[in-house]
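Quick note: numbers below take in every heavy atom, side chains included, and nothing from hydrogens, waters or symmetry partners. One-based numbering along the sequence shown. A quick note: this is a predicted structure, and the numbers were derived from the prediction, not measured.
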Amino acid sequence: MDPQFFRRTMGRFATGLTVITVAHGDTVHGMTANAFMSVSLDPPLIVVSVDRRARMHERLEQATHFAVNVLAADQIPLSQHFAGRVDPTLAIRFVRKGPWAFLPGVLAEIGCAVYARYDGGDHTLFLGRVEHLASYEGDPLLFYQGRYRTLTDPVQV
């Protein structure tokens, strides 16, 4: 199967965008990810899928905790920064809450303890047990067909 065709076809599924963070001492590492979903209500579990070649992969392998920051529509610069298009003029700051590091202005904060790790081909699935939640008002930043998108008015049914 052609990997590019696979990628384009999977890109037909609209997703939200997150920044996954791992705090280690005074240092915080982050990575933009759209391969994120909830898994279970009891216990409360989520999963993120991380490419084995990503720098974040090794950090998550060694971590006991990680955070998921659900990005708002006005946070494209943060998404790009943590996707490797570093903007040296962007002032990145984090809000530390326990073992987690969150970005200000996000729609949701999800703080997790690493629950399990599973082989997923060229990715690893990191299952997190949710220990911290906070949600805020705003519109989400979306990703569809390789481009940033935002919501339009909801469809009335």
Side-chain angles (χ1 to χ4, degrees), residues 1-11 13-41 43-72 75-135 140-148:
M1 180 173 299
D2 176 45
Q4 290 305 316
F5 181 64
F6 180 79
R7 184 181 192 122
R8 281 192 312 274
T9 302
M10 295 300 106
F13 183 69
T15 65
L17 283 162
T18 69
V19 171
I20 310 302
T21 57
V22 171
H24 182 73
D26 292 336
T27 306
V28 178
H29 301 280
M31 178 194 84
T32 299
N34 69 336
F36 157 79
M37 68 176 196
S38 63
V39 174
S40 169
L41 291 174
L45 300 174
I46 59 93
V47 68
V48 293
S49 178
V50 178
D51 190 316
R52 292 179 186 279
R53 296 170 298 176
R55 284 176 279 180
M56 180 58 78
H57 188 273
E58 183 178 339
R59 291 180 173 99
L60 281 167
E61 283 285 349
Q62 298 171 1
T64 59
H65 294 81
F66 66 93
V68 179
N69 296 266
V70 178
L71 297 182
Q75 293 182 308
I76 290 173
L78 288 174
S79 172
Q80 292 175 323
H81 178 84
F82 289 106
R85 293 183 291 275
V86 175
D87 178 355
T89 65
L90 192 62
I92 305 293
R93 63 185 180 92
F94 296 95
V95 177
R96 299 294 290 265
K97 296 181 181 180
W100 305 289
F102 298 105
L103 292 161
V106 297
L107 293 183
E109 301 172 352
I110 306 164
C112 299
V114 175
Y115 187 79
R117 298 169 179 90
Y118 297 102
D119 177 52
D122 59 2
H123 282 57
T124 297
L125 305 177
F126 293 91
L127 207 60
R129 183 181 178 110
V130 177
E131 297 181 342
H132 167 84
L133 283 175
S135 64
L141 181 59
L142 303 176
F143 202 67
Y144 178 71
Q145 289 187 304
R147 294 178 40 203
Y148 292 107

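No more than 12 heavy atoms of other residues, nucleotides or ligands sit less than 6.0 Å from atom CD of Glu58. A 6.0 Å sphere centred on OH of Tyr115 holds no more than 12 heavy atoms belonging to other residues, nucleotides or ligands. More than 12 heavy-atom neighbours from other residues, nucleotides or ligands sit within 6.0 angstrom of CZ on Arg96. Atom CG of Leu41 has 12 or fewer heavy atoms from other residues, nucleotides or ligands within 6.0 Å.
The shortest heavy-atom contact between Val86 and Pro88 is O-CD, 3.6 Å. Gly128 approaches Cys112 most closely through the heavy-atom pair CA-CB, 3.9 Å. In this structure, Arg93 and Leu103 approach most closely via the heavy-atom pair O-CD2, 3.6 Å.
Between Ile92 and Phe82, the closest side-chain pair of non-hydrogen atoms falls below 4.5 Å. Looking only at side-chain heavy atoms (C-beta outward), Ile46 and Phe66 come within less than 4.5 Å of each other. Between Arg129 and Pro43 there is a side-chain heavy-atom pair separated by less than 4.5 Å. Two residues are said to be in side-chain contact when any heavy atoms from C-beta on lie closer than 4.5 Å; Lys97 and His132 meet this criterion. Val68 places a side-chain heavy atom less than 4.5 Å from the side chain of Val48. The closest side-chain heavy-atom distance from His65 to Glu131 is below 4.5 Å. Side-chain contact between Glu109 and Leu133 is absent, with no heavy atoms from C-beta onward closer than 4.5 Å. Counting heavy atoms from C-beta outward, Leu142 and Leu17 have side chains that stay 4.5 Å or more apart.
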- Stepwise side-chain contact (heavy atoms from CB on, under 4.5 Å) test for Leu127 and Leu45: CA-CA 7 Å; Leu127 207 60; Leu45 300 174; 4.1 Å; yes

- Would Val47 and Phe36 satisfy side-chain contact (heavy atoms from CB on, under 4.5 Å), going step by step from the backbone distance to the final call? CA-CA 6 Å; Val47 68; Phe36 157 79; over 6 Å; no

- side-chain contact (heavy atoms from CB on, under 4.5 Å) evaluation trace for Leu107 with Leu71: CA-CA 6 Å; Leu107 293 183; Leu71 297 182; over 6 Å; no

- Please report the C-alpha distance between Asp51 and His57 in whole Å, then the side-chain angles of each, then the deciding distance to 0.1 Å, and finally whether the side-chain contact (heavy atoms from CB on, under 4.5 Å) criterion is met. CA-CA 7 Å; Asp51 190 316; His57 188 273; over 6 Å; no

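Aromatic pair Tyr148/Phe143: ring centres closer than 6.0 Å.
If you take CG on Leu90 and CD on Gln80, they are separated by 9.5 Å, rounding to the nearest 0.5 Å. In this structure, CZ in Phe102 is found 8.5 Å from CD1 in Ile110, a value given to the nearest 0.5 Å. Between Ile20 atom CD1 and Asn69 atom CG the span is 7.5 Å, to the nearest 0.5 Å. Separation of atoms OG1 (Thr27) and CZ (Phe94) is listed at 10.5 Å; rounding is to 0.5 Å. Here CE of Met10 is found 12.5 Å from OG1 of Thr15. Values are rounded to the nearest 0.5 Å. Taking CD1 from Ile76 and OG1 from Thr32, the interatomic distance works out to 11.5 Å, rounded to the nearest 0.5 Å.
Remark: side-chain polar atoms of Arg55 are not paired, donor with acceptor, to backbone N or O of Gly30 under 3.5 angstrom. Not a single donor-acceptor pair under 3.5 Å links the side chain of Arg8 to the backbone N or O of Pro3.
No side-chain N or O of Thr21 forms a donor-acceptor pair with one of His29 less than 3.5 Å apart. For the residue pair Thr124/Tyr118, the side-chain donor-acceptor check at 3.5 Å is not satisfied.
Under the 4.0 Å criterion applied to side-chain N and carboxylate O atoms, Asp2 and Arg7 are not assigned as salt-bridge partners.
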